[in-house]
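Remarks on the structure that follows.
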Amino acid sequence: VALAVERQRRCGAEQSVLALGQRVAEDRGGHCPNYASTTVNLLNTPGWELLRSRIGSAAMVNLLTTGSLLSPLPNGSYLQLTGPLPPVGFGRSSADDGKRA
């Protein structure tokens, strides 16, 4: 996961979900979180490590940096783990407009 975040940051992919809240760590190279990242934490769980061990690090970095991965949530929604940020307002219905003050 750290390699994928580094690759996204190096390529100027600040508009990537995976790179959100990450900054370059000037003193030691690599990346350093500005704040806790649910996405990075989830991708560092044993299930994702098992996938990486089976497909290899290069394929895992490619998967994390070139595609959009979504994880189902208990409420039927999805959490976007990787990929470009959705456009502003994406997923909002006209009913949402009346709920905001």
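Not measured: the values here are computed from a predicted model.
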Next on the checklist: Main chain of L73, side chain of S77: is a donor-acceptor contact present, judged purely on distance under 3.5 Å?
Outcome noted: no
Checklist entry - Which of these passes side-chain contact (heavy atoms from CB on, under 4.5 Å) with V40: L43, N44, L42? => result N44
Checklist entry - Partners of Q80 by side-chain contact (heavy atoms from CB on, under 4.5 Å), sequence neighbours excluded? => result V17, S68, L70, P86
Checklist entry - Going only through I, L, V, M, F, W and Y residues with side-chain contacts under 4.5 Å, is there a path from L51 to L64? => result yes
Checklist entry - With sequence neighbours left out, what residues match S53 under side chain to side chain donor-acceptor pair (under 3.5 Å)? => result none
Checklist entry - At what distance, to the nearest 0.5 angstrom, does CG of L79 lie from OG1 of T39? => result 5.0 Å
Item to check | Point-to-point distance, once rounded to the nearest 0.5 Å, from CG of L69 to CH2 of W48 | outcome: 5.0 Å
Next on the checklist: To check you understand the geometry: which heavy-atom pair defines the closest contact between T82 and G67, and what is its length?
Outcome noted: OG1-O, 3.1 Å
